[in-house]
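Report on one structure; see the data block that follows.
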Amino acid sequence: MVNNTQQFQDIISHCKEYGFIFPSSEIYDGLAAVYDYGQMGAQLKKNLRDAWWKFMTQLQENNIVGIDAAIFMHPTTWKASGHVDNFSDPMIDNKDSKKRYRVDHLLEAHADTLSETEGKLLLEEMDNLLLNNNYEGLKKLIEKNKIVCAVSKTCNWTEIRQFNLMFSTKIGSVADDADLIYLRPETAQGIFVNFLNVQKTGRMKIPFGIAQTGKAFRNEIVARQFIFRMREFEQMEMQFFIKPGTQMEWYAYWKAERKKWLEELGIPAEKLRYHNHVKLAHYADAAVDIEFEFPFGWKELEGIHSRTDYDLKQHQEFSRKKIQYFDNDLGPDGKPIGNYTPYVVETSIGLDRLFLTVISLAYREEKWTKEDGTEDSRVVMKIPAALAPVKLAVLPLLKKDGLPELARELLKVCKPHFHCFYEEKDAIGKRYRRMDAIGTPFCVTIDHQTKEDNTVTIRYRDDMRQERIPMSAVKDKILQLIS
Ligand code: GAP
């Protein structure tokens, strides 16, 4: 199986060195599976979120609107949704280290160390056992494969048990009066409980969708693989409300549409694949993952789920409020179809996983021989120009002779339209390398010729090509290249 560990470690170090991602509260030695996005990372993350939001709410032919629901929700929400009773995973503890592992993560990590065929067979066996809730069989599978705890290095395991993944806290100022509430483990429920609010105030007609982006929290037991599996992460979800009976049609539609979007974002088709769920979540009648080939192997990037009418019906029952849609369309008998509980097809992608996808593809270490026979190299982040945190670096060749003033004139023209970076320190080659490392697709150098004929040198990150263009053409050229 693909397991490019060194490259992955290099990406993690690069993210820290250039202000993309830092371990959370690092001065206190960090907090497992929690990360902070730095100055470059926050901008790249925002660009990805904006791209998703634009595609889902602005560019769709179908009616999709966006909301921003609170993280805290009434605790009954999670009883109704099934998360209190069902949002748990089979876990196993190592008796020597007392460390707890999610059984599927333990087996998946072991599969990654095997050959492709052996790994596949192991995962198939695991899927079958999970499907039948056969915990005894799963434990035997762990023992048969001699899977050891990463800390104690022993195979001394407890029985397998279920543990809930939701974080809980108390709300209210007086501890005695406090009520137990949960940090949402998915953003979707904020959409379901607002179904009627949005449908009525927006006069939405089925089929229509509600989208939102926001933080979600899960007490993931195995915290590894950098931002792939975090305890606090961000989801971008859309619930598409449809007529019962049409769910397979819309499921196929969104499955294709979401993969197409990922490809349009610059992810090569051969790095994406579908993986049908064998064991369905408690709310789904069909589910598929879009997997990406991360440096540590094929893993889930996005999920498309046919969630039936489970959630709306559950909220109707627990809230004792009618949550239905009146369909004016005429049925086969020529009369309005009338009231029904809509079915739902959901698309759900982790923003942090999308971030990891983009940077895994962008990171390159390049080496070449120069014309004079000497070797040269660079680390470059080939982030698609439209997503790059900084689009243009404006670099006066020298700190004198009126060059900084000309550079600032250009900055003033460009800044309202896209993110620019200004730097006058160090040799130009060094400045280009720094821009390569953060993925800036275009650099413009102002030199003495600029003073004579108002032209500048534009340097392209990907092939390091340089050309001379009028300074007055820079803004429109960059706008065209990042559109
Ligand atoms: N509302 C459906 C739902 O939450 P999910 O498959 O559990 O479904 C959807 O999660 C997406 O959220 C995943 O495809 C993944 O991209 C992201 N995700 C889930 N758990 C995550 C975690 N611990 N860290 C980072 N991203 C996560």
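Each ligand, and each atom within it, is numbered from 1 in the order the structure gives.
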Residues N128, E124; criterion side-chain hydrogen bond (donor to acceptor under 3.5 Å, both in side chains); working and verdict: CA-CA 6 Å; N128 274 331; E124 270 170 24; over 6 Å; no

Distance to the ring centre below 6.0 angstrom and angle to the axis at most 45 degrees; does that hold for K259 and Y274?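 Because its charged atom sits under 6.0 Å from the ring centre and within 45° of the axis, K259 does stack over Y274.
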
Do the ring planes of W157 and Y101 sit parallel (below 30°), tilted (30 to 60°) or perpendicular (above 60°)?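 Ring orientation of W157 relative to Y101: perpendicular.
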
How would you list all residue pairs meeting side chain to side chain donor-acceptor pair (under 3.5 Å) that involve residues 189-203, not counting sequence neighbours?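 Qualifying pairs: E186-Q189, Q189-D311, Q189-H315, N194-N197.
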
Only one of F228, F226, F22, F20 forms a ring pair (Phe, Tyr, Trp, His ring centres under 6.0 Å) with Y35, so which one is it?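 Of F228, F226, F22, F20, ring pair (Phe, Tyr, Trp, His ring centres under 6.0 Å) with Y35 is met by F226 alone.
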
Which N or O atoms of ligand 1 sit under 3.5 Å from a protein N or O, and how far apart is each pair?
{"unit_1": "ligand 1", "atom_1": "1 (N)", "unit_2": "E186", "atom_2": "OE1", "d": "2.6"}
{"unit_1": "ligand 1", "atom_1": "1 (N)", "unit_2": "E237", "atom_2": "OE2", "d": "2.5"}
{"unit_1": "ligand 1", "atom_1": "1 (N)", "unit_2": "R307", "atom_2": "NH1", "d": "3.4"}
{"unit_1": "ligand 1", "atom_1": "1 (N)", "unit_2": "E346", "atom_2": "OE1", "d": "3.4"}
{"unit_1": "ligand 1", "atom_1": "1 (N)", "unit_2": "E346", "atom_2": "OE2", "d": "2.8"}
{"unit_1": "ligand 1", "atom_1": "4 (O)", "unit_2": "R218", "atom_2": "NH2", "d": "2.9"}
{"unit_1": "ligand 1", "atom_1": "4 (O)", "unit_2": "Q235", "atom_2": "NE2", "d": "3.0"}
{"unit_1": "ligand 1", "atom_1": "6 (O)", "unit_2": "E300", "atom_2": "OE2", "d": "3.1"}
{"unit_1": "ligand 1", "atom_1": "7 (O)", "unit_2": "R218", "atom_2": "NH1", "d": "2.8"}
{"unit_1": "ligand 1", "atom_1": "7 (O)", "unit_2": "R218", "atom_2": "NH2", "d": "3.0"}
{"unit_1": "ligand 1", "atom_1": "10 (O)", "unit_2": "Q235", "atom_2": "NE2", "d": "3.4"}
{"unit_1": "ligand 1", "atom_1": "12 (O)", "unit_2": "Q235", "atom_2": "NE2", "d": "3.3"}
{"unit_1": "ligand 1", "atom_1": "14 (O)", "unit_2": "E300", "atom_2": "OE2", "d": "2.6"}
{"unit_1": "ligand 1", "atom_1": "14 (O)", "unit_2": "L301", "atom_2": "O", "d": "3.4"}
{"unit_1": "ligand 1", "atom_1": "16 (O)", "unit_2": "L301", "atom_2": "O", "d": "2.8"}
{"unit_1": "ligand 1", "atom_1": "16 (O)", "unit_2": "G350", "atom_2": "N", "d": "2.9"}
{"unit_1": "ligand 1", "atom_1": "20 (N)", "unit_2": "R218", "atom_2": "NH1", "d": "3.3"}
{"unit_1": "ligand 1", "atom_1": "23 (N)", "unit_2": "E220", "atom_2": "OE2", "d": "2.9"}
{"unit_1": "ligand 1", "atom_1": "23 (N)", "unit_2": "M230", "atom_2": "N", "d": "3.4"}
{"unit_1": "ligand 1", "atom_1": "23 (N)", "unit_2": "M230", "atom_2": "O", "d": "2.8"}
{"unit_1": "ligand 1", "atom_1": "24 (N)", "unit_2": "F228", "atom_2": "O", "d": "3.4"}
{"unit_1": "ligand 1", "atom_1": "24 (N)", "unit_2": "M230", "atom_2": "N", "d": "2.9"}

If you take the centroid of each ring, where Trp contributes its six-membered ring, are W52 and F55 closer together than 6.0 Å?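 No, too far apart.
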
